[in-house]
Amino acid sequence: MAASTADSWSWFPALALGVSFLKCLMINSYHSTDFEVHRNWLAITHSLPVSKWYHESTSEWTLDYPPLFAWFEYGLSHVAQHFDKKMLVVQNLGYASPATVLFQRLSVIATDVVFIYAVRECCRSVREEKGSKDLLVRPYFILAALLLWNYGLLIVDHIHFQYNGFLCGILLLSVARHLQGRHLEGAFLFAVLLNLKHIYLYIAPAYGIFLLRSYCFTKDNTDGSVRWSSLSLVRLIALGSIVISVCALSFGPFIAMGQLPQVLSRLFPFKRGLCHAYWAPNIWALYNVVDKALSVLGLRLKLLANLPKASMTGGLVQEFQHSVLPSVSPSATLICTLVSILPAVLSIWRCPRGARGFLRCLVVCALCSFMFGWHVHEKAILMAILPLSVLAVESREDAGIFLMLATTGHYSLFPLLFTATEMPTKVLLILLFTLYSFTSLKKLFRGFLLNTLEVTYLLGLIAVEIICEVVYPLLPWKQTLPFVTLLAKSVYCSLGVSYSFIRLYLSILRPTDKPKEL
Amino acid sequence: MDTWSLLSICVLLGLTTRWAVSLNSYSGAGKPPMFGDYEAQRHWQEITYNLPVHEWYFNTTDNNLNYWGLDYPPLTAYHSLLCGHVASLINPDWVELHTSQGFESSAHKLFMRATVLIADLLMYVPAVVLYCFYLSEGSNRKKVCLVLCILLYPGLILIDYGHFQYNSISLGLALWGVLGLGLGWDMLGSLAFVLAVNYKQMELYHSLPFFCYLLGKCFKQGMAGRGLFLLVKIAVTVLVTFTLCWLPFLTDPGQVLQVLHRLFPVGRGLFEVLCGNLHSFYLAATLLAALPSSIKLLTKPTLWQFKLALVNSSLAFFLFSFQVHEKSILLPALPVCLLLGDLPLPAVWFLQASTFSMLPLFLKDGLFVPYAVTSSAFVFYSVYLLSALEHSSEEELQLKSLSLLPFLSQSPGQFYLSVAAMAGLSFMSVALAPPARLPDLFPLLVSVFSFLHFLGLLLYFNVVQIAEPPSPRRKNPKKTE
């Protein structure tokens with residue numbers, strides 16, 4: 001900051017190193033059951049032959065990620081054995097010695113190097129105007145800070161425990177390659193990503209349509225529509241072979257062993273309920289609440305009688321039977337999701353706006369899957385927030401949407417860390433990220449990005465937190481209705497997320513390509 | 001970006017680092033019968049909450065002085081009383097007389113850590129921010145960088161939030177004292193410093209510079225007129241503050257003597273004669289070492305001289321006093337933090353050496369990972385943000401007038417070498433077992449290495465203070481009288 005000029009990239013290692021130091025300090029924080037999940041997978045892949053990986057069920061946390069991730073865990077397990085061999089014994093359920101914790105935490109921090117590299121590539125692809133010489137107001141600096149120090153990743157990866165940094169790193173790297181015009185590499189990376197975590201299937205349509213339309217069809221007609229004759233078979237075959245070979249590498253061994261149905265059943269467990277134990281702030285949270293409200297109102301006003309009792313049982317398997325509104329099945333959510341992504345995907349077919357249009361479509365698809373998906377986890381909001389950051393530093397309107405979505409989405413992650421010890425950490429970090437994102441984007445676009453209503457809503461998040469954490473525990477209802485706070489947070493956040501979703505969708509459907517504002 | 005938002009971000013980063021360190025173990029965790037400093041603080045809450053004031057410092061059936069008896073001045077006792085009241089509101093078991101001995105639970109740990117954070121937030125952090133913005137030079141960006149670097153100093157974080165102590169209160173009060181004096185508010189500054197001394201008697205390490213600065217200022221203003229008036233005002237402030245702090249104990253001279261005996265355990269009887277002589281020898285050596293710096297300050301009471309004198313005096317006391325605890329290095333470390341903006345390279349060097357010197361303590365407390373991370377972060381960020389290595393020419397090290405000490409022209413290389421050696425020794429201490437015949441090899445190496453650094457830096461800071469040219473022709477004119 002002091003001596004380096006804005007053109008040298010010495011600030012990048014400083015940012016990356018700083019956040020890595022912070023991650024190292026979090027090693028002794030609370031970790032969730034996901035820690036045990038990954039330890040179990042280390043044990044399974046290390047101690048058992050490949051044929052047993054997807055059959056093993058000693059632990060309740062069975063392997064439910066695609067084979068490439070299993071191979072990734074297998075690779076990690078070879079390093080793990082130097083830390084503590086006992087963690088690799090499948091029967092050691094819940095084993096969490098200090099060496100195990102150290103190894104697992106360090107593995108997340110180390111694999112984040114993929115994310116750091118991806119961020120650097122994204123920063124290099126960011127458009128900027130020749131403006132201020134001040135480093136802190138350059139778009140690529142702000143993007144690097146927003147991505148490297150992203151609150152959601154810090155909380156979910158380095159405290160709750162997951163490998164999202166690694167996975168989102170591959171996603172962002174793929175996006176960066178598309179922004180740089182290296183489409184085959186981008187497609188390869190996405191194929192790898194799909195075989196690491198299949199939740200990214202939701203954004204596969206964006207990739208598919210974009211690559212088909214903008215890469216396989218090499219020329220457009222003068223009115224912008226597709227010129228069918230310009231289909232490049234070479235490119236199509238190249239893309240196809242990349243994707244197929246990656247999938248073959250990943251699933252091949254299991255197909256050869258005839259285990260494909262078993263693997264697929266592990267990957268897509270539709271026995272779980274409509275909503276997670278804590279309702280992700282999506283459309284179904286609102287749906288549940290409206291159903292409950294209608295049933296209560298209906299009974300009070302004596303309009304409806306003998307309603308089936310709405311039951312939302314807790315636990316691992318959650319059945320949701322709605323009272324007034326029709327109950328929702330997995331196929332219904334799938335149809336909703338597909339219907340919701342259709343307009344977005346069609347718009348980049350009819351009116352492709354290059355790699356940035358693709359990125360916008362990707363974010364919209366990710367948000368659609370979050371809004372309408374089956375058993376969505378609130379962590380999935382990161383799949384939308386991180387790519388949106390790239391758009392946010394290039395356009396004023398996107399920056400406003402980003403601020404709404406990121407702040408609401410990050411706040412919705414609060415219930416993940418429910419221990420009192422983690423309260424200062426999560427509050428300090430969210431203040432840090434929110435303060436930085438607001439002030440830096442405001443400085444970049446020289447003006448207020450949110451209107452009064454939006455600011456009021458965001459301030460309301462503070463009120464919700466105080467009411468839920470401080471006021472509600474003092475009230476007598478705490479004993480009888482303990483879930484009210486979670487419900488309140490989920491519903492309040494779904495308002496913000498839905499609003500951002502609608503705004504983002506409108507931006508993709510807008511017919512004219514407005515010149516990007518900086 | 002706006003200065004205030006950058007500042008808030010830096011403060012938030014400092015607080016996050018502190019809380020993250022506090023997630024680790026504390027001194028004496030799970031080690032009966034004596035445990036450690038954490039248990040000592042909890043015990044003082046128990047004693048002050050349950051017993052009347054006149055029993056706090058005495059050996060009674062309810063108060064066994066051999067089990068962490070109070071050995072800090074009254075302000076610590078009052079602070080413990082306050083915490084004890086809050087503790088009893090949350091969970092009376094924590095401060096139950098006798099039965100709460102050795103109490104350990106995660107909720108209690110959260111409470112204790114929270115008290116440290118609150119004290120830090122109220123006392124130390126504001127003082128640091130005000131110091132950087134009102135008493136240091138440079139652009140606003142530089143001041144914000146300075147805040148971050150001072151807040152990242154690992155020694156204080158690891159001792160307060162790891163080992164467990166409340167140094168942020170005494171050091172914070174001392175810093176308020178420096179602020180007061182620097183801004184020309186001598187009485188408020190004296191008040192703050194007296195409170196600091198009444199919180200921890202080790203703050204007496206800083207007393208000589210405070211005394212010489214104020215006396216020198218009185219002399220400068222003329223002992224016949226304003227100077228004398230100032231002297232009287234300061235003396236009255238000091239006396240009144242002392243009286244107020246010690247009020248409950250002033251009813252009985254026996255009380256006062258007992259408290260003094262707990263603060264300065266000199267021993268009794270024949271042994272006292274021997275110890276007394278030994279004490280006198282060490283005291284003489286210390287005063288001799290601190291003399292040049294104090295005299296220079298007396299003749300030239302400026303803020304620059306004052307800061308350097310604080311360093312020189314407290315470092316002399318640390319190096320030559322009798323029975324010094326390794327944690328006392330924090331006392332010279334505070335004024336060196338204040339020099340981070342002016343002499344970045346020597347300051348960073350000293351601060352890193354001070355953290356390194358406490359390594360054996362951190363290893364005992366299970367704090368190696370936080371130590372490694374915070375030290376690396378501190379060295380990296382101070383060097384990067386303050387461009388420490390670029391400002392290491394002879395002129396900037398204030399050595400222009402001296403052609404001796406030629407080796408300092410290679411300072412950056414030597415700095416790297418020194419830091420590498422510290423890193424190497426740290427890893428060896430934790431990874432290797434010492435040879436059977438020399439079980440204390442690593443702590444000894446750490447001590448010797450640190451001592452050499454401290455001695456060298458003591459000489460350096462003395463040279464800088466005393467060899468200051470009579471007319472301040474420096475690039476950045478310091479605040480003068």
Spacing of [X] atom [atom1] and [Y] atom [atom2] [to the nearest 0.5 Å]:
| X | Y | atom1 | atom2 | value |
| --- | --- | --- | --- | --- |
| A:F433 | B:I9 | CZ | CD1 | 11.0 Å |
| B:S375 | A:F21 | OG | CZ | 9.5 Å |
| A:I430 | B:L12 | CD1 | CG | 12.0 Å |
| A:E422 | B:L23 | CD | CG | 6.0 Å |
| B:L15 | A:L428 | CG | CG | 5.5 Å |
| A:L25 | B:W19 | CG | CH2 | 14.0 Å |

Is there side-chain contact between [X] and [Y], with at least one heavy-atom pair below 4.5 Å?
| X | Y | result |
| --- | --- | --- |
| B:S5 | A:F438 | no |
| B:L13 | A:W149 | yes |
| B:L6 | A:L136 | yes |
| B:R113 | A:T421 | no |

With a cut-off of 6.0 Å (strictly less than), are more than 12 heavy atoms of other residues, nucleotides or ligands near NZ of B:K109? yes

Inspect the surroundings of NZ in B:K31 and state if more than 12 heavy atoms from other residues, nucleotides or ligands are less than 6.0 Å away. yes

Just give me the residue among A:C24, A:A14, A:S20, A:G18 that pairs up with chain B most often, heavy atom to heavy atom, under 4.5 Å. A:A14

Region of A:L432 that comes under 4.5 Å of a non-hydrogen atom in chain B: both

With the threshold set at 4.0 Å, does a side-chain nitrogen-carboxylate oxygen contact exist between B:R141 and A:D134? yes

Engaged part of B:V369 at the chain A interface, taking heavy atoms whose separation is under 4.5 Å: side chain

Whatever's closer than 4.5 Å to a heavy atom in chain A on B:S22 counts as neither

I would like to know whether A:T439 and B:D2 meet side-chain contact (heavy atoms from CB on, under 4.5 Å); could you show each step before the answer? CA-CA 8 Å; A:T439 47; B:D2 294 328; 5.5 Å; no

